Amino acid sequence: MSREAFASALLRWYESDGRRNLPWQTDRTPYRVWVSEIMLQQTQVGMAAGYYARFIARFPTVRDLGAAQLDEVLHLWSGLGYYARARNLQRAAQILVQHHRGEFPATLDEVMALPGIGRSTAGAILALSRGERHPILDGNVRRVLARYFAVDGFPGDAAVERRLWALAEECTPHSRVDEYTQGIMDLGATICTRTNPACLLCPVNPACEARRNDTQRLYPTPKSRKARPQREAWVVLARRGNKVLLERRPPSGIWGGLWGLPEFPTRQHAAQWCREHLVGSSALRPEEPLEHAFSHFDYEIKPLAVRCAGKAPALRDDDRYRWYDVEAPAAVGVPKPIATLLQRPQR
DNA sequence: AAACCGGGGGA
DNA sequence: TCCCCAGGTTT
């Protein structure tokens, strides 16, 4: 099976059927490609476009991002999930400003040394923005190669991963690397899809090993997963006038650095906290619980509503707490389920 | 209900 | 080096 034939068929297909007008494809600077790659790690093109436009409008350059408030970065990331990626994005921007004059460094290793950028993302940045020859191995490419070369075993396995990287390297052409890189990602996203791949339309179908054996649905081998445990938390929905009391979450872990509702393991803990911090507030009134499914556990959020008198609360806005106006929200990060909860009509 | 995802970080 | 973690959408 010729690696050269693979690349040339792919490039021909990219000319006719590839995607060339995505928001990050105009003016492909390393910075713009970087932001798009991080967003696309967790969201498909359709969802990412709106987030990308708002993010780039607010932070047009590495320097703008590096100088930003983390709260505002997380605000523009809210709803995308994986907030550690937004934090890494900003940390890396600060490093670029402080140590690299706001430019991306010259070598793959230096790019990979930035937080949140691994081998695949570094390769994509340098290939797409500078046309340098580096392989990538994102989810799309992994699927295309696993099928084309009928690579057995699930990609989490180290030996399988090595094999896929080697194939990715061998297939990457010596010219038109940018088009090839975009093309193989497009092929995975539009033709060689996870379920129901459109093999009849595929430019490399004659030599695709999985296709020849009609086993394309078996690749890549999915990894098994255990049942999700159930977790629950009580949250205090303290209202004062039009505002709701939010607490900043710890910097790491679930929704790290975002603003959520004060959270407690039991109703008793919540009640105790209210007695201490919300002096003079009304009785706690349970509201309808909210279910949120993470990939590794189910989360049941049980709200306790409380109304605070105008002058009573001891809590003021500071680094940890803030009274959040739902009608005129501050530019801070709020996790999606919490935002949903805050939007509920008040009874 | 389950799969997916690139990289970070702890064991 | 292995294994778990993160969070939302798609299927």
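Since we're looking at a predicted model, the values are computed, not measured.
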For this session: Report yes if the distance between the aromatic ring centroids of A/Phe55 and A/Trp77 is under 6.0 Å, otherwise no.
Result: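 Yes, ring centres under 6.0 Å apart.
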Problem set entry | Between A/Phe264 and A/Trp273, ring centroids under 6.0 Å |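 Centroid separation for A/Phe264 and A/Trp273: below 6.0 Å.
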Exercise. Taking only Watson-Crick and G-U wobble pairs with both distances under 3.5 Å, what dot-bracket line describes DNA chain B, where [ ] shows pairs that cross earlier ones and | shows pairs with another strand?
Worked result: |||||.|||||
For this session: Report which part of the nucleic acid A/Pro337 touches: base, sugar-phosphate, or nothing (heavy-atom distance under 4.0 Å, all strands).
Result: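 The answer is sugar-phosphate, as A/Pro337 gets under 4.0 Å only of primed atoms, P, OP1 or OP2.
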Exercise. Looking for any heavy atom pair under 4.0 Å, which part of the strands does A/Arg143 touch: base, sugar-phosphate only, or nothing?
Worked result: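 Touches sugar-phosphate only.
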For this session: Enumerate the residue pairs fulfilling ring-ring contact (aromatic ring centres under 6.0 Å, His included) with a member in residues 2-31 of chain A, sequence neighbours excluded, ordered by first and then second residue.
Result: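 Found A/Phe6-A/Tyr148, A/Trp24-A/Tyr52.
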For this session: Can you tell me which residue pairs pass the salt bridge (Lys or Arg N to Asp or Glu O under 4.0 Å) test with a partner in residues 39-55 of chain A, sequence neighbours excluded?
Result: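 Sorted pair list comes back empty.
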For this session: Mind jotting down which residue pairs meet the salt bridge (Lys or Arg N to Asp or Glu O under 4.0 Å) criterion with at least one end in residues 141-155 of chain A? Sequence neighbours excluded, please.
Result: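 Pairs touching residues 141-155 of chain A that pass the test: A/Arg142-A/Glu161.
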For this session: Name the first nucleotide and the last nucleotide along DNA chain C (5' to 3') that come under 4.0 Å of a heavy atom in chain A.
Result: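 Going 5' to 3' along DNA chain C, contacts run C/dC2 to C/dT11.
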Problem set entry | Residues from residues 106-127 of chain A lying under 4.0 Å of DNA chain B - heavy atoms |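 Residues of residues 106-127 of chain A that come under 4.0 Å of DNA chain B are, in numerical order, A/Leu114, A/Pro115, A/Gly116, A/Ile117, A/Gly118, A/Arg119, A/Ser120, A/Thr121.
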Exercise. Atom OH of A/Tyr219 to atom P of B/dC4: distance rounded to whole Å?
Worked result: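 It works out to 15 Å between those atoms.
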For this session: Can you tell me the distance, in whole Å, between the CD atom of A/Gln42 and the C1' atom of B/dG6?
Result: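 Taking CD of A/Gln42 and C1' of B/dG6, I get 10 Å after rounding.
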Exercise. Roughly how far, to the nearest 0.5 Å, is CZ of A/Arg344 from CG of A/Leu237?
Worked result: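 So the gap between those two atoms works out to 8.5 Å.
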Under a 4.0 Å N-O cut-off, is there an ion pair linking [X] with [Y]?
X	Y	value
A/Arg285	A/Glu287	yes
A/Arg176	A/Glu179	yes
A/Asp178	A/Arg28	yes

Exercise. Which comes earlier along DNA chain B counting from the 5' end, the contact point of A/Asn88 or that of A/Tyr82, where each point is its nearest nucleotide?
Worked result: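 First, find each residue's nearest nucleotide; the 5'-ward one identifies A/Tyr82.
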Exercise. So with a 6.0 Å cut-off around NE2 of A/His269, is the heavy-atom count from everything else above 12?
Worked result: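 Counting other residues, nucleotides and ligands, NE2 of A/His269 stays at 12 neighbours or fewer.
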